[in-house]
Amino acid sequence: MRIFTLLVNLWLFATVCAVAQPTVNFESGGAGAGYTWNVFENGNNPPLEIVANPSATGINTSATVAKFTARQAGNPWAGTENANGSFPTFNFTASNSIVKIMVYKTVLSDVGMKFAIANGGAQPERKVRNTKVNEWEELTFDFSNLVGSGLDGSVNISQIIVFPDFNARTQDNIIYFDNITFSASGGGPPPATAPTTAATTPTRAAANVISLFSNAYTNRTINTWRTDWSNATLTDLQVAGND
């Protein structure tokens, strides 16, 4: 059996930013409290408020938090986002692609998060449902699949977008959120390694096989394995003497 390798070039339009992402904790002098936060798709769009922690117990004893009033008349995707320029621009990397947020809610519903670049480009939001009410809970969002993708919302990120109550509401709901943090993804799967044992020789009768790429049968003629639009390279390798 032959093995061929495709080398794919991935073009990124920005270099990885070296600035670490601060914890958005809404404390005086910290990140978040001094930002301009826009509210959208939320009825009359009441502003995001920075208020005293309604329950400084459990996992969150901080003094101040963000308060979002989700209107019954608002869309399920009502949310808030920081104004461009307030949060340090960054790229998702293996060291920061796990995002966590603490929420205090009176209802069970999805919380959504996504990230955008200066022109508004972003990937769809990720949603995680809270499992507790009337107490602080930390939710985890995994953005590790965006690392190295070059997609909008993976590089040159300047906006945090939060959907605190992604739900069709029958009443106004008040949601508090706090402590948005960025941490390592855990490294992901181990890198692929080249095989050292040849593939088992197939036993199908030649009359029942159409072979394209094999030492065991007569192959049909293939002019090229490359596509017209590809700039990939192709190399034939041997594994334990087997092409």
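Values below: every heavy atom of this structure, side chains too, minus hydrogens, waters and symmetry copies.
Residues L139 and M102 have side chains not in contact (no heavy-atom distance under 4.5 Å, counting atoms from C-beta outward). The side-chain heavy atoms of N134 and Y104, taken from C-beta on, include a pair separated by under 4.5 Å. Inter-residue side-chain proximity for I59 and E138 is flagged as met; some heavy-atom pair is nearer than 4.5 Å. Within the 4.5 Å cutoff, the side chain of V133 has heavy atoms near those of the L108 side chain. Looking at F141 and V111, their side chains come closer than 4.5 Å, going by heavy atoms from C-beta outward. Residues N173 and K105 form no side-chain contact, since every pair of their non-hydrogen atoms from C-beta on lies 4.5 Å or further apart. For the pair S214 and N219, the minimum side-chain heavy-atom distance is below 4.5 Å. Between T89 and S158, the closest side-chain pair of non-hydrogen atoms falls below 4.5 Å.
The cluster map of Ile, Leu, Val, Met, Phe, Trp and Tyr, joined by side-chain heavy atoms under 4.5 Å apart, puts F87 and F143 in the same cluster. The hydrophobic cluster containing I117 does not contain V162, counting ILVMFWY residues as joined when their side-chain heavy atoms lie under 4.5 angstrom apart, directly or transitively. V147 and I157 fall within a single hydrophobic cluster, where Ile, Leu, Val, Met, Phe, Trp and Tyr are joined by side-chain heavy atoms under 4.5 Å apart, directly or via other members.
Pairing each heavy atom of T57 with each of W136, the nearest pair is O-CD1, 4.0 Å. The nearest pair of heavy atoms linking A83 to N38 is CA-ND2, 4.2 Å. Closest of all the heavy-atom pairs between R169 and A78 is NH2-CB, 3.8 Å. Listed here is the closest heavy atom pair of Q159 and E81: NE2-CD, 3.6 Å. Looking at every heavy atom in both residues, A70 comes nearest to I175 through CB-CD1, 3.9 Å. Across all non-hydrogen atoms, the minimal contact from Y176 to V51 is CE2-CG2, 3.8 Å.
The CG atom of L48 lies 10.5 Å from the CG atom of N82; values are rounded to the nearest 0.5 Å. Atom CG of L212 is separated from atom OG1 of T221 by 10.5 Å, given to the nearest 0.5 angstrom. With rounding to the nearest 0.5 angstrom, the CZ atom of F90 is 10.5 Å from the OG atom of S95. Note that CG of N119 and CG of N156 are 10.0 Å apart. Values are rounded to the nearest 0.5 Å. Distance check, rounded to the nearest 0.5 Å: CZ of F213 to CD1 of I222 gives 9.5 Å. Atom OG of S62 and atom CG of N53 lie 5.0 Å apart (nearest 0.5 Å).
Checked by atom type, the side-chain pair S154/Q123 shows no donor-acceptor distance below 3.5 Å. For N25 and T23, the side-chain atoms include no donor-acceptor pair closer than 3.5 Å. No hydrogens or angles considered: a donor-acceptor pair under 3.5 Å links the side chains of N60 and D178.
Residue W77 is found in a hydrophobic cluster whose other members, listed by chain and number, are F40, I161, F163, F166; membership requires side-chain heavy atoms under 4.5 Å apart, directly or through intermediates.
In terms of modelled atom types and a separation under 3.5 Å, the side chain of N130 and the main chain of V103 share no donor-acceptor contact. In this structure, the side chain of Y217 engages the main chain of R204 through a donor-acceptor pair within 3.5 Å. Within the 3.5 Å criterion, the main-chain N or O of K114 finds no donor-acceptor partner in the side chain of R126. Not one N or O on the side chain of N167 forms a donor-acceptor pair closer than 3.5 Å with the backbone of S109. Between the side chain of N42 and the backbone N or O of T69 there is at least one donor-acceptor pair closer than 3.5 Å. N96 contributes a side-chain N or O that, together with a main-chain N or O of N91, makes up a donor-acceptor pair within less than 3.5 Å. Within the 3.5 Å criterion, the main-chain N or O of F26 finds a donor-acceptor partner in the side chain of T64. Between the side chain of D172 and the backbone N or O of Q72 there is at least one donor-acceptor pair closer than 3.5 Å. Judged purely by atom type and a 3.5 angstrom limit, D110 has no side-chain atom pairing as donor or acceptor with the backbone of K127. For the pair E27 (side chain) and A33 (backbone), a donor-acceptor distance under 3.5 Å is absent.
Within a 6.0 Å sphere centred on CD1 of I210, other residues, nucleotides and ligands contribute 12 heavy atoms or fewer.
Here F68 and F177 keep their ring centres 6.0 angstrom or further from each other. Residues F182 and F92 keep their aromatic ring centres 6.0 Å or farther apart.
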Derivation and outcome, side-chain contact (heavy atoms from CB on, under 4.5 Å), residues I101 and N179: CA-CA 6 Å; I101 183 173; N179 296 329; over 6 Å; no
Which is it for L151 and L146 under the side-chain contact (heavy atoms from CB on, under 4.5 Å) test, yes or no, and what are the steps along the way? CA-CA 7 Å; L151 297 170; L146 295 182; 4.3 Å; yes
Is there a side-chain hydrogen bond (donor to acceptor under 3.5 Å, both in side chains) between E137 and T131 once you walk through the steps? CA-CA 8 Å; E137 180 178 4; T131 61; 2.6 Å; yes
Apply side-chain contact (heavy atoms from CB on, under 4.5 Å) to residues I50 and K67 and explain how you reach the verdict. CA-CA 6 Å; I50 309 301; K67 175 185 176 182; over 6 Å; no
